[in-house]
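Report on one structure; see the data block that follows.
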Amino acid sequence: MYRRLADEDDELSEVQPDAVPPEVREWLASTFTRQLATAKRKSDEKPKFRSVAHAIRAGIFVDRIYRRVTNTALMQFPQDVVRVLKTLDEWSFDVFALHDAAAGQPVKYLGYELLNRYGMIHKFKVPPTILENFLSRIEEGYCKFRNPYHNNLHAADVAQTVHYMLCQTGLMNWLSDLEIFATLVAAVVHDFEHTGTTNNFHVMSGSETALLYNDRAVLENHHISAAFRLMRDEECNILQNLSRDEFREFRTLVIDMVLATDMSFHFQQLKNMRSLLTLAEPTVDKSKAVSLVLHCCDISHPAKRWDLHHRWTMSLLDEFFLQGDKERELGLPFSPLCDRNNTLVAESQIGFIDFIVEPSMGVCADMLECILGPLHSSSKNSTSTAGQERTINEESTGTETVSKFKIKKPWVACLTDNKKIWKEQAAKDAEARAKLEEETNGTSPPTEE
Ligand code: CMP
Ligand code: MG
Ligand code: ZN
């Protein structure tokens, strides 16, 4: 029997029928909830690290930069790539410019730069040529189906956004090296060999992959499995110098993070985190935290500058419409947003921002402020606060200085701007539709009696 989880119903009931067109509501319901009641996922049994124990790690980013591999045979970066990478730490980093500068290989350069910057090549003794092979093969996998959206650019975009969250909020100081390594690699591989079609399409068309993964998180299972299979090739095995325990922990983390990018877990994931954060002393699990961060980065383009967001949206719709064409050929019903002749683009984007992206970024920010707050107070008393200062706002209230840890939230302004533009677009579209209808009715021959 098809049954939606009760708490997801609560969330969806917030989508008022008059606020959102029915087709957009249907899309939200079918994409962002699990319509089949499934067993609860078993809780993470991984050993937990105490966040306070990492307090002294504040400022370690600078050290890591110094520990970068500087004297081994490093990959050569073209001048243009070096120039674009100067803006790597910005929220609205232009990954399209990186793609052009990197002659179509943004994942190779960005992946390499990030793993080097965080000192991962050094720490986990990743042979530079092996890393280069791995990243090139990952990049090829993203280009396999020539998707307009789910390609190497999207992988690079998500990895860069994850980097923003790690370094600009101070999250990296709460994580162990292995957790940082796993998070960066998870971001890079999170849509590896994406077919340009949705899980729903795999299930409805009975694809080989759906058969293999029993209709559950079909694509996500594939991304992970194919990436780990690639790492079994000695030439691409970036994990070759990890201990057995490190490998197990890394693998568990990557599996958890990438599986959590399945949009059907969205409402449950948000709800769980929200209720955890209401506790007096919340203990946030590392794996859950980085999973939420990756999920948010995966849906973050509506929270970027308009030119970037608009370009992503057009690419995604191209991809959805190509799926719609396939559905028509196969005689399958159109998936939501996939019918090129019948999709309300602006409205769907407003719905996506209002009900998915904005709440996600909100919960993610709350979570980060909650877990990084204690770290900030400890690091303030230590001598090393480098790399943290830029992210902190202190509020002074009268005699006492109350230090309330707040992260920068550049996405808030972008979301407002983008929503405003879509609303104007929606109004124009509605006007055009009304005019067209009027014209059609006006010119149609009178019906015979
Ligand atoms: P994926 O990148 O696998 O995971 C996040 C999903 O969110 C993405 O696939 C799309 O299915 C969906 N998504 C991202 N951006 C938008 C958007 N602007 N409108 C609708 N759906 C989106
Ligand atoms: Mg995905
Ligand atoms: Zn993705």
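Reckoned from all heavy atoms, side chains included, excluding hydrogens, waters and symmetry mates. Every number for a ligand or one of its atoms is a count from 1 in the order of the listing.
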Could you go through the side-chain contact (heavy atoms from CB on, under 4.5 Å) check for Phe352 and Thr31 one step at a time? CA-CA 11 Å; Phe352 189 59; Thr31 311; over 6 Å; no

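- Side chains of Lys326 and Ser205: a donor-acceptor N/O pair is absent below 3.5 angstrom, by distance only.
- Side-chain contact, Thr313 with His309: a donor N or O sits under 3.5 Å from an acceptor N or O.
- Each of the atoms 5 (C), 7 (O) of ligand 1 lies under 4.0 Å from some heavy atom of Ile299.
- Of all protein heavy atoms, the one closest to atom 2 (O) of ligand 1 is His150 NE2, 2.9 Å.
- Contacts between Leu219 and ligand 1 below 4.0 angstrom, taking non-hydrogen atoms only, are absent altogether.
- Expressed to the nearest 0.5 Å, how far CD of Glu347 lies from CG of Leu337 amounts to 11.5 Å.
- Within the listing of ligand 1, atoms 1 (P), 2 (O), 3 (O) sit less than 4.0 angstrom from a heavy atom of Asp191.
- Distance from atom 11 (O) of ligand 1 to its nearest protein heavy atom, with residue and atom name: Phe320 CZ, 4.1 Å.
- More than 12 heavy atoms of other residues, nucleotides or ligands lie within 6.0 Å of CZ in Arg340, so this atom counts as buried by the packing criterion.
- Nearest non-hydrogen protein atom to atom 18 (N) of ligand 1 is Gln349 OE1, 2.6 Å.
- At a cut-off of 2.8 Å, Asp191 is counted among the residues with an N, O or S atom near the Mg ion (ligand 2).
- With hydrogens and angles disregarded, no donor-acceptor distance shorter than 3.5 Å links the side chain of Asp318 to the backbone of Pro148.
- Remark: the Asn151 side chain and the His194 side chain contain no N/O donor-acceptor pair separated by less than 3.5 Å.
- Residue His301 has at least one nitrogen or oxygen atom sitting less than 3.5 Å from a nitrogen or oxygen atom of ligand 1, judged on distance alone.
- Counting non-hydrogen atoms of other residues, nucleotides and ligands closer than 6.0 Å to CZ of Arg328 gives a total of 12 or fewer.
- Taking atom 5 (C) of ligand 1 as the reference point, the nearest protein heavy-atom neighbour is Asp298 OD2, 3.4 Å.
- Nearest protein heavy-atom contact of atom 22 (C) of ligand 1 is Leu316 CD2, 3.2 Å.
- Among the candidates Glu113, Glu132, Glu139, Glu140, the single residue satisfying the salt bridge (Lys or Arg N to Asp or Glu O under 4.0 Å) test with Lys108 is Glu132.
- Within the sub-2.8 Å shell of the Zn ion (ligand 3), the protein contributes these N/O/S atoms: His154 NE2, His190 NE2, Asp191 OD2, Asp298 OD1.
- Side-chain contact check for Gln349 and Asn418: no donor-acceptor pair (N or O, by modelled atom type) lies under 3.5 Å.
- Heavy-atom separations between His154 and ligand 1 include at least one value shorter than 4.0 Å.
- Taking a 4.0 Å cut-off on heavy atoms, Trp27 registers as neighbouring ligand 1.
- Tyr118 and His163 share a donor-acceptor pair across their side chains, judged by distance under 3.5 Å alone.
- Residues His190 and His154 place their aromatic rings such that the two centres sit under 6.0 Å apart.
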